[in-house]
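First comes the structure, then the notes that go with it.
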There are 2 protein chains.
Amino acid sequence: MNDTKKIGRPRNFDYGEALVQAMSVFWTKGYDGASLRDLTQAMGITGPSLYAAFGDKRELYLKTIDHYCNADACAPIVAFEGEDDIEKAIHDFLAEVIRSATEHASGAKGCFLASCVVTTVGQVDGVAERVEAAIDDTEQRLVARFECEIEKGTLPPDFPSRERAALLFDIRQGYMFRGRAGWNKDRMQKDIGARVRMVLSH
Amino acid sequence: MNDTKKIGRPRNFDYGEALVQAMSVFWTKGYDGASLRDLTQAMGITGPSLYAAFGDKRELYLKTIDHYCNADACAPIVAFEGEDDIEKAIHDFLAEVIRSATEHASGAKGCFLASCVVTTVGQVDGVAERVEAAIDDTEQRLVARFECEIEKGTLPPDFPSRERAALLFDIRQGYMFRGRAGWNKDRMQKDIGARVRMVLSH
DNA sequence: TGCCTTATATATCGAACGATACATAAGCCA
DNA sequence: TGGCTTATGTATCGTTCGATATATAAGGCA
């Protein structure tokens with residue numbers, strides 16, 4: 001969009017990359033726990049550069065949230081939408097949930113929104129609206145996937161899409177919690193089969 | 001136990017009450033967000049009194065966690081165990097989950113462990129073990145309740161107790177998340193019926 | 001080449017942080 | 001009552017917090 005502007009000295013860091021690093025710090029340490037030193041160090045820039053490019057700490061935080069929401073960074077949903085066979089799609093969704101709940105890319109575990117951002121709803125202005133919108137968007141995408149299967153005839157017309165979308169959502173929350181608490185992959189993966197069956201049962 | 005000790009000047013504050021107030025502050029503001037000023041003010045004591053009675057901030061935090069776990073402070077589980085009829089018990093469990101997810105006693109919403117403490121697992125030593133133990137304890141209590149129904153004959157012998165206990169656990173997590181994000185009671189309560197049926201279906 | 005704009009680097013600001021030193025007060029026990 | 005122990009109140013410690021003032025460097029444009 002405005003990547004053609006060229007007035008003034010150019011930055012010598014990548015805006016998006018710095019934002020991702022900032023998100024990783026917030027994800028790992030939380031909003032209050034992430035100090036400006038932590039942030040500038042991880043982003044590879046100095047304090048004044050941070051303030052010039054992103055505003056203050058809170059604005060930077062909101063920008064990381066928006067980036068997470070817009071970048072399709074939620075792997076489970078991407079997996080769910082990317083697989084044609086609905087049963088496999090649910091399986092992949094759950095597998096991806098468990099993976100992201102246990103693996104820690106750069107120390108960050110779970111879902112940025114569900115595990116980290118949500119705790120700052122009452123504390124940081126601007127967070128509440130974003131989280132609520134993200135939940136609605138997530139559930140809507142899950143519902144849409146089921147509705148699509150109904151149209152294809154793979155699922156019966158009376159399949160309770162909304163109810164099962166909510167179920168997927170809840171299961172994700174449960175695994176995120178368990179993952180944060182230290183449960184390992186194997187312990188969670190054992191239940192995948194039964195859970196797929198539950199989601200599709202009628 | 002040692003409430004009969006009488007050497008030295010007695011405190012002029014209630015230990016347990018102060019602990020509850022501290023928990024409320026952590027619950028609302030998070031570990032890092034809760035300053036010593038917030039804590040001492042809510043507890044009604046001065047800094048030195050806090051340090052003498054509870055140790056430093058981290059030890060106080062761990063004590064609030066232990067208190068929460070030992071005091072049967074998780075209302076949904078208490079409700080689930082207190083109702084004889086299993087269908088009603090599940091209904092009450094869900095209703096209580098929704099209530100605690102939306103109402104805010106002294107500003108604290110959701111589950112202290114699931115919504116607040118869990119975010120400090122990698123940050124504060126001693127938290128991880130406690131959260132993992134709490135999850136195991138919760139699931140075990142849910143399972144035990146189902147097993148009890150099987151023995152009574154109310155549920156079939158092949159009822160998947162563990163699977164459904166995990167489901168209740170996950171649903172709780174989902175509602176806690178939604179509540180934190182600002183969903184209101186009514187929006188959640190509509191689904192209770194369907195969810196009870198899902199938990200008991202076979 | 002100067003001029004304007006924007007980014008960088010250094011140094012540091014006042015405020016709030018977690019945590020204590022010190023002197024005093026309150027109850028038990030000899 | 002005098003000594004012991006523990007809690008309280010005041011005042012303040014050194015550190016780190018988030019955030020900036022200032023001066024310099026880098027590029028586009030005239």
Side-chain angles (χ1 to χ4, degrees), chain A residues 1-19 21-26 28-65 119-120 123-127, chain B residues 1-19 21-26 28-65 119-120 123-127:
Chain A
M1 177 172 293
N2 54 357
D3 52 359
T4 56
K5 74 173 175 182
K6 26 197 164 179
I7 319 168
R9 176 175 175 176
R11 350 189 118 95
N12 62 2
F13 68 92
D14 185 90
Y15 184 95
E17 230 170 87
L19 199 54
Q21 292 304 316
M23 179 178 71
S24 178
V25 173
F26 283 128
T28 309
K29 305 201 163 195
Y31 179 73
D32 288 304
S35 71
L36 265 292
R37 275 201 65 187
D38 294 330
L39 291 165
T40 53
Q41 192 170 323
M43 299 165 81
I45 62 178
T46 62
S49 293
L50 189 154
Y51 278 83
F54 302 97
D56 63 12
K57 186 182 178 182
R58 178 181 146 271
E59 291 177 74
L60 171 61
Y61 184 56
L62 296 181
K63 283 185 170 70
T64 64
I65 298 174
T119 65
T120 60
Q123 297 290 309
V124 183
D125 284 345
V127 172
Chain B
M1 178 173 290
N2 54 357
D3 52 359
T4 56
K5 73 173 174 183
K6 25 197 164 179
I7 320 168
R9 175 175 175 173
R11 331 194 134 96
N12 62 5
F13 68 91
D14 185 89
Y15 183 94
E17 229 171 88
L19 199 54
Q21 292 304 316
M23 179 177 72
S24 178
V25 174
F26 283 128
T28 309
K29 305 203 162 193
Y31 179 74
D32 287 304
S35 71
L36 264 294
R37 274 201 67 187
D38 295 329
L39 290 166
T40 53
Q41 191 169 323
M43 299 165 82
I45 62 180
T46 63
S49 294
L50 189 155
Y51 278 82
F54 301 99
D56 63 11
K57 186 183 179 183
R58 179 181 144 270
E59 292 177 75
L60 170 61
Y61 184 55
L62 296 180
K63 284 186 171 68
T64 63
I65 298 174
T119 65
T120 61
Q123 298 290 309
V124 183
D125 284 345
V127 171

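Letters go in sequence order (proteins before strands), and every chain restarts at 1. We use all heavy atoms of the structure for the numbers below, so side chains are in, but hydrogens, waters and symmetry mates are not.
One interatomic measurement links the two molecules: CG of B/Asp14 to P of D/dA7, which rounds to 14 Å at whole-angstrom precision. With rounding to whole Å, A/Phe13 atom CZ is found 12 Å from C/dT6 atom C1'. Note: CZ (A/Arg11) to C1' (C/dT6) measures 9 Å, nearest angstrom. The nearest whole Å value for the distance from the CG atom in B/Leu36 to the P atom in C/dT20 is 10 Å. Straight-line distance from the OH atom of B/Tyr31 to the C1' atom of C/dC17: 12 Å, rounded to whole Å.
An end-to-end axis angle of 10° holds for the helix from C/dT1-D/dA30 to C/dA30-D/dT1, taken from five base pairs per end and rounded to 10°.
In terms of polar N and O atoms assigned as donor or acceptor, the side chain of B/Arg9 comes within less than 3.5 Å of the base of C/dA25 in a complementary pairing.
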Let me check something: any side-chain donor-acceptor pairs from residues 42-56 of chain A under 3.5 Å, sequence neighbours excluded? List them with distances.
residue : atom : partner : partner atom : Å
A/Thr46 : OG1  : A/Ser49 : OG           : 3.4
A/Asp56 : OD1  : A/Arg58 : N            : 3.3
A/Asp56 : OD1  : A/Glu59 : N            : 3.0

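Remark: side-chain polar atoms of B/Lys57 are paired, donor with acceptor, to backbone N or O of B/Ala34 under 3.5 angstrom. Side-chain atoms of B/Gln21 do not come within 3.5 Å of backbone N or O of B/Gln41 as any donor-acceptor pair.
When each of B/Asp32 and B/Pro10 is assigned the nucleotide of DNA chain C bearing its nearest heavy atom, the one mapping closer to the 5' terminus is B/Asp32.
Listed by residue number, the members of residues 54-63 of chain A with any heavy atom below 4.0 angstrom from DNA chain C form an empty set. Remark: A/Thr46, A/Pro48, A/Ser49 in residues 38-53 of chain A come within less than 4.0 Å of DNA chain C through at least one heavy atom.
Applying the side-chain hydrogen bond (donor to acceptor under 3.5 Å, both in side chains) criterion to B/Thr64, with sequence neighbours excluded, gives no partner residue.
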Item to check | Audit row: B/Asp14, B/Leu19, side chain to side chain contact (heavy atoms under 4.5 Å, CB included) steps and yes/no | outcome: CA-CA 9 Å; B/Asp14 185 89; B/Leu19 199 54; over 6 Å; no
Next on the checklist: Apply side chain to side chain contact (heavy atoms under 4.5 Å, CB included) to residues A/Gln123 and B/Thr28 and explain how you reach the verdict.
Outcome noted: CA-CA 9 Å; A/Gln123 297 290 309; B/Thr28 309; 4.3 Å; yes
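Phosphate contact (OP1/OP2 of C/dA16, side-chain N/O of B/Ser35, threshold under 4.0 Å): absent. Distances shorter than 4.0 Å separate none of the side-chain N or O atoms of A/Asn12 from OP1 or OP2 on C/dA7.
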Polar-atom pairs under 3.5 Å, protein N or O versus N or O of nucleotides 28-30 of chain D: list them with distances, or write none.
residue : atom : partner : partner atom : Å
D/dG28  : O4'  : A/Lys6  : O            : 3.4

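Between A/Phe26 and A/Tyr31, the angle of the ring planes stays under 30°, which puts this pair in the parallel group of the 30/60° scheme.
The shortest side-chain heavy-atom distance between A/Asp125 and A/Leu62 does not fall under the 4.5 Å cut-off.
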